[in-house]
Amino acid sequence: MVEAWVLFRLAIACGLIAATVAVQASFMSAGLGVFRRLERERRDFLLRYPTLVTVVWIIYLITPIALDVVLWATFYYLAQALPNFDDALYFSTVTFTTVGYGDIVLGKDWRQVATFEAVNGWIIFGWATALMMAVIQRLHFHGDSQAGLGPRP
């Protein structure tokens, strides 16, 4: 019976990871679609305001991360792993960001799930960082046709 409960918790963790990947992929796809459209139709805007576009892009990429944190927090709250949503949101934030202050901890039954959230955050932050750098390269290194807004080979 113990093994079934462990497998159930691991399945929940995998489901939450799948959900956060779907959120991140949806935002990535939509955001890159807008960026590609701007490259085609408003290249002058991108060349004139690369810092503004970078700031907007980074804020945009923080949005799905916030949604991911709320998703995990909602799970902790609904599973009654934490007593209230404020604690669940705080715990989820420090776990997803891998800060892990340790002032709020889960009971023994849910600790393993929290480790999956930390791994999930590590993956999502790496992905978001890669997306940030891809756009920054295209915006700020436009003199190089391989990396910037110049003609594509």
Side-chain angles (χ1 to χ4, degrees), residues 1-39 41-42 45-141 147 149:
M1 184 64 182
V2 172
E3 293 83 17
W5 181 239
V6 169
L7 291 176
F8 175 71
R9 288 189 307 246
L10 293 178
I12 289 171
C14 289
L16 287 164
I17 289 171
T20 63
V21 167
V23 167
Q24 193 72 20
S26 297
F27 271 77
M28 176 193 70
S29 181
L32 289 176
V34 169
F35 187 79
R36 285 187 196 109
R37 196 170 325 113
L38 285 171
E39 279 187 310
E41 300 169 11
R42 298 292 312 268
F45 178 82
L46 295 177
L47 291 172
R48 217 174 290 138
Y49 303 105
T51 302
L52 174 64
V53 173
T54 300
V55 169
V56 169
W57 180 243
I58 290 172
I59 290 170
Y60 176 78
L61 290 176
I62 290 171
T63 302
I65 291 170
L67 292 173
D68 295 341
V69 168
V70 168
L71 179 68
W72 280 92
T74 301
F75 162 73
Y76 293 131
Y77 177 67
L78 293 176
Q80 299 177 349
L82 291 165
N84 58 60
F85 188 74
D86 286 344
D87 285 351
L89 186 59
Y90 173 77
F91 176 81
S92 181
T93 302
V94 299
T95 303
F96 199 84
T97 60
T98 68
V99 171
Y101 290 130
D103 52 339
I104 296 177
V105 295
L106 294 179
K108 195 172 187 175
D109 289 343
W110 295 109
R111 286 183 193 158
Q112 192 63 39
V113 173
T115 63
F116 280 85
E117 182 183 6
V119 170
N120 187 199
W122 182 75
I123 292 166
I124 296 295
F125 275 106
W127 187 355
T129 301
L131 291 170
M132 288 175 198
M133 291 310 302
V135 167
I136 288 168
Q137 279 187 312
R138 293 193 65 78
L139 288 170
H140 294 280
F141 299 104
L149 295 172

Non-neighbouring partners of T63 that pass side-chain hydrogen bond (donor to acceptor under 3.5 Å, both in side chains), sequence neighbours left out: none
Atom pair CG (L131) and CG (L61), whose distance is rounded to the nearest 0.5 Å: 5.5 Å
Test item: W57 and L139 side chains (from C-beta on) under 4.5 Å apart, heavy atoms: no
Under 3.5 Å: donor-acceptor pair, side chain of T74, backbone of V70: yes
Where A114 and T95 come nearest, the two heavy atoms and their spacing: O-CG2, 3.3 Å
Any side-chain heavy-atom pair of I12 and F75 under 4.5 Å: yes
Any side-chain heavy-atom pair of Q24 and I65 under 4.5 Å: yes
V55 side chain near I59 side chain, heavy-atom distance below 4.5 Å: yes
Shortest non-hydrogen contact from E117 toward F96: OE2-CB, 3.5 Å
Polar side-chain atom of W127 near backbone of V21 as donor-acceptor pair, under 3.5 Å: no
V23 and L71, any side-chain heavy atoms less than 4.5 Å apart: no
Side chain to side chain, L52 and V56, heavy atoms closer than 4.5 Å: yes
With Y90 via side-chain hydrogen bond (donor to acceptor under 3.5 Å, both in side chains) - residues at least two apart: D103
Y76 and F91 aromatic ring geometry - parallel, tilted or perpendicular at 30°/60° bounds: perpendicular
Heavy atoms of other groups near Q80 CD, more than 12 under 6.0 Å: no
From CZ (F27) to CD1 (I62), nearest 0.5 Å: 12.0 Å
Donor-acceptor under 3.5 Å (T129 side chain, F125 main chain): yes
Straight-line distance of R42 CZ to L47 CG, nearest 0.5 Å: 11.5 Å
N/O donor-acceptor pair under 3.5 Å between T115 side chain and Q112 backbone: yes
Parallel, tilted or perpendicular, as decided by the 30° and 60° cut-offs, for the rings of F45 and Y49: tilted
Rounded distance (nearest 0.5 Å) linking atom CD1 of I136 with atom OG1 of T54: 5.0 Å
Closest heavy-atom pair and its distance - L82, V105: CD2-O, 4.0 Å
Heavy-atom closest contact (W72 atom, S92 atom, distance): CB-OG, 3.3 Å
Over 12 foreign heavy atoms within 6.0 Å of OH, Y60: yes
Audit row: V119, I17, side chain to side chain contact (heavy atoms under 4.5 Å, CB included) steps and yes/no: CA-CA 9 Å; V119 170; I17 289 171; 5.7 Å; no
Close side-chain approach of D109 to W5, heavy-atom, < 4.5 Å: yes
Pairwise distance CG(L7) to CD(E3) - rounded to 0.5 angstrom: 8.0 Å
H140 vs T51 side-chain heavy atoms within contact, under 4.5 Å: yes
For the student: nearest non-hydrogen atoms of P83 and Y77, plus distance: O-CE1, 4.1 Å
Separation of T98 OG1 from N120 CG (nearest 0.5 Å): 11.5 Å
